Amino acid sequence: MRRVIYPATRAVEHAVALPGVRPLRLFAVLWPLWQIEASAQVYDGQDFELIDHFVLRALHEAGIHDRSGLAGFLGLPPGIVERCLAFLVAIQLVADEGGRLRVRELGRRSLRDGLRYVPTTSRLKVLIERQSGRPLPRPYYDGAVPVLDVPEVAEEQLGDRTRFRPLFTAVPYDPQALPRLAERADRAEFNLPAQLRNLRQEGVREGYLPCYLIETTEGRILAYTGVAEHRDPFLERVCADSSVEHLIEAEDAGDPGRIWRAWLGRSTVFSGGRLDEHGGRWRVVMPAGAFGESPRLSPSRVGAYQFWDNHFIQIWCGDAAVRRTALLDRALGVATLPAVTTLPDFQTRSRHLAEALEVPEVSVAELRRHAGRTGDARRLQSLDALERGTA
C-alpha cells in the first residue's frame with residue numbers, strides 16, 4: 001500500500017537547513033477538507049479533421065449559408081459535405097435553422113483557438129480546505145497526493161512511526177462554495193475547466209490531507225505535504241490566516257532539556273548516547289560501535305531525526321568514518337526517489353547531504369563501488385538510470 005507522505009525526518013532536515021529559521025516542534029496532522037463531487041458539461045479540445053476545419057471556415061469567413069453553395073465553394077461531393085455538416089451540428093459548432101447554416105459561438109471559439117471543442121458531460125472533483133474555505137490549487141489533484149476519506153492512517157501507509165491526528169475545525173460546509181468558485185475567472189487553476197456549462201453538485205464528503213506542520217521559535221508555521229518535497233506555500237498562507245497557529249501555541253512546548261533527558265532515560269536504543277545542545281538544536285551523540293549490522297543502528301540513521309512529544313532530536317556520531325558511510329547509504333537512497341530524475345539534481349541533493357553530515361562530498365564512482373560492496377542492486381540500477389539520463 002502506498003505511503004501517504006514521505007517520512008517526517010525529511011521535512012525536518014529541510015526546515016533546519018533554511019537560513020535564519022530555528023525549527024522547534026513538529027506536528028503530524030490530517031488537514032480537514034471537503035471533497036465535492038460535481039458534474040458539468042465541459043468542452044474537450046481536439047485537433048480538427050481537415051474537412052471539418054475547411055467547412056467551418058467557409059461558413060464563417062466566406063458568408064456561405066446553404067449546403068449547395070458550400071459544396072460548390074469547396075469543390076467537394078455533396079455527400080461528404082452533408083456528413084461533415086451533420087457532425088458539426090451534432091457537436092454544437094454549427095446551427096441548422098431550417099436549412100440556413102450558421103456558425104455557433106462554440107464554433108467561432110474553436111476556429112479562434114485552432115481546436116475542435118466537443119461538449120461532453122464530465123464528473124469533476126473539487127477540494128475545499130475547511131479552515132478558511134479556500135479551494136485547493138491544481139497540484140493537489142495529482143494522483144500522487146493522497147486525500148483520505150477517514151481521519152486515520154493505516155499502519156502500512158506510514159513512512160515511519162509518525163502518528164497523525166486530525167486537525168479540529170467546527171466550520172460547517174458552505175453550499176455556496178462551488179457556485180462561488182465557478183464564477184471565478186481563474187477557476188481552471190482549481191480543477192474546474194475554464195469552459196463549462198450546467199455545473200451541478202452531486203455530493204460532498206469529508207477528506208483529510210496528511211501534512212507536517214513545523215513550529216519555529218519565531219512563532220511561524222512551516223507546512224509540508226505530498227504536493228512537493230519542500231514547503232507548501234498554499235497551506236502556509238492558510239495557517240497564517242486561520243486559528244491553526246493559536247491551536248499549536250496552545251500545546252505546551254515544555255522544557256526541551258527535560259523532555260530529552262527523560263526520553264534518554266527510558267530509551268533502550270539510545271541509552272548509550274549523550275545529549276548535546278547547540279543553538280536550540282538537540283543531538284543524541286552515539287558511539288561509533290552503535291552503528292552497523294542489525295541489531296545495531298543502521299549508519300543511514302546518522303543525521304536523521306527521532307521524534308518525541310512533538311519535539312525532534314538529531315541522531316549523530318562523532319566518528320567521521322561512520323558519517324561517511326551514512327552519506328554513501330543515504331545518497332544511494334536519494335537516487336531512488338521519484339522526484340529525482342536528473343543527475344545534476346541528484347548531485348545537488350548529495351552535496352547538501354554531505355554538508356549536513358559534515359563530511360566531504362562523494363563522487364558517483366564512489367557510490368557505485370559502495371553499492372557493489374553492499375549488494376544494493378536496486379539502488380545501483382537507479383544510479384545507472386540517472387547517469388544515462390533515463391530516470
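Quick caveat, the model's predicted, so the values are computed rather than measured.
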Under the criterion side chain to side chain contact (heavy atoms under 4.5 Å, CB included), I'd like the reasoning laid out for Gln41 against Thr120: C-alpha separation, chi angles, the key distance, then a yes or no. CA-CA 5 Å; Gln41 188 178 60; Thr120 60; over 6 Å; no
Step by step, would you call Asp52 with Arg116 a salt bridge (Lys or Arg N to Asp or Glu O under 4.0 Å)? CA-CA 9 Å; Asp52 293 350; Arg116 185 179 64 192; 2.6 Å; yes
What's the verdict on salt bridge (Lys or Arg N to Asp or Glu O under 4.0 Å) for Arg330 and Glu13, showing C-alpha distance, side-chain angles and the deciding distance? CA-CA 13 Å; Arg330 295 184 64 185; Glu13 287 171 5; 2.5 Å; yes
Checking His65 against Leu59 for the side chain to side chain contact (heavy atoms under 4.5 Å, CB included) test, could you report, in this order, the C-alpha distance in whole Å, the side-chain angles of both residues, the deciding distance, and whether it holds? CA-CA 6 Å; His65 300 290; Leu59 288 172; 5.8 Å; no
Pair Glu366-Ser363, side chain to side chain donor-acceptor pair (under 3.5 Å): steps then yes or no: CA-CA 5 Å; Glu366 289 176 280; Ser363 66; 3.3 Å; yes
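By the rule that hydrophobic residues join a cluster once side-chain heavy atoms approach within less than 4.5 Å of another member, Leu50 and Val118 end up as members of one cluster. Clustering ILVMFWY residues whenever any of their side-chain heavy atoms sit less than 4.5 angstrom apart, transitively, puts Phe73 in the very cluster that holds Ile80. When the side chains of ILVMFWY residues are joined at heavy-atom separations under 4.5 Å, either directly or via intervening members, Leu106 and Leu88 end up in a single hydrophobic cluster.
Sorted by first and then second residue, the side-chain hydrogen bond (donor to acceptor under 3.5 Å, both in side chains) pairs involving residues 267-276 (not counting sequence neighbours) form an empty list. Listed by first and then second residue, the side-chain hydrogen bond (donor to acceptor under 3.5 Å, both in side chains) pairs involving residues 213-223 are Arg25-Glu215, Thr216-Glu218 (not counting sequence neighbours).
Using a 4.0 Å cut-off between charged side-chain N and carboxylate O, Arg100 and Asp66 make no salt bridge. Using a 4.0 Å cut-off between a side-chain N of Lys or Arg and a carboxylate O of Asp or Glu, Arg283 and Glu277 do not qualify as a salt bridge. One finds a salt bridge joining Arg134 and Asp241 here, because a Lys/Arg side-chain nitrogen approaches an Asp/Glu carboxylate oxygen to under 4.0 Å. Using a cut-off of 4.0 Å between Lys/Arg side-chain N and Asp/Glu carboxylate O, Asp329 and Arg324 are scored as not salt-bridged. Between Arg83 and Glu49 no salt bridge is recorded (no basic side-chain N to carboxylate O distance below 4.0 Å). Using a 4.0 Å cut-off between a side-chain N of Lys or Arg and a carboxylate O of Asp or Glu, Arg108 and Glu105 qualify as a salt bridge. Residues Glu37 and Lys125 are not paired through a salt bridge, judged by the lack of any N-O separation under 4.0 Å between the basic side chain and the carboxylate.
Checked against the 6.0 Å centroid criterion, the rings of Phe312 and Trp282 do not qualify as a close aromatic pair. Aromatic ring centres of Phe48 and Tyr117 lie farther apart than the 6.0 Å criterion allows.
Without hydrogens or angle criteria, Asp319 side chain to Ala321 main chain gives a donor-acceptor distance under 3.5 Å. Looking at Arg197, its side chain never comes within 3.5 Å of a backbone N or O of Val42 through a donor-acceptor pair.
Residue Tyr212 is tested with Phe164, Phe27, Tyr224 for a ring pair (Phe, Tyr, Trp, His ring centres under 6.0 Å); the sole match is Phe164. Remark: of the listed residues Val147, Ile128, Leu148, Val147 is the sole one forming a side chain to side chain contact (heavy atoms under 4.5 Å, CB included) with Leu33.
Between atom CG of residue Leu213 and atom SG of residue Cys239 there is a gap of 5.0 Å, rounded to the nearest 0.5 Å. Summarising the geometry, atom CG belonging to Leu24 is positioned 10.0 Å from atom CG belonging to Asn310; distances are rounded to the nearest 0.5 Å. One finds the CZ atom of Phe190 at 7.0 Å from the CG atom of Leu181 (value rounded to the nearest 0.5 Å).
Within a 6.0 Å radius of CZ in Arg57, other residues, nucleotides and ligands contribute 12 heavy atoms or fewer.
No donor-acceptor contact under 3.5 angstrom links the side chains of His370 and Asp376, judged on distance only. Of the N and O atoms on the side chains of Asp232 and Tyr140, at least one donor lies less than 3.5 Å from an acceptor on the other residue.
When the salt bridge (Lys or Arg N to Asp or Glu O under 4.0 Å) test is applied to Arg180, the partners found at least two apart in sequence or on another chain are Asp174.
Between Leu337 and Arg349, some side-chain heavy-atom pair lies under the 4.5 Å cut-off.
Judged by a 6.0 Å distance limit and a 45° cone about the ring axis, Arg130 is positioned over the six-membered ring of Trp34.
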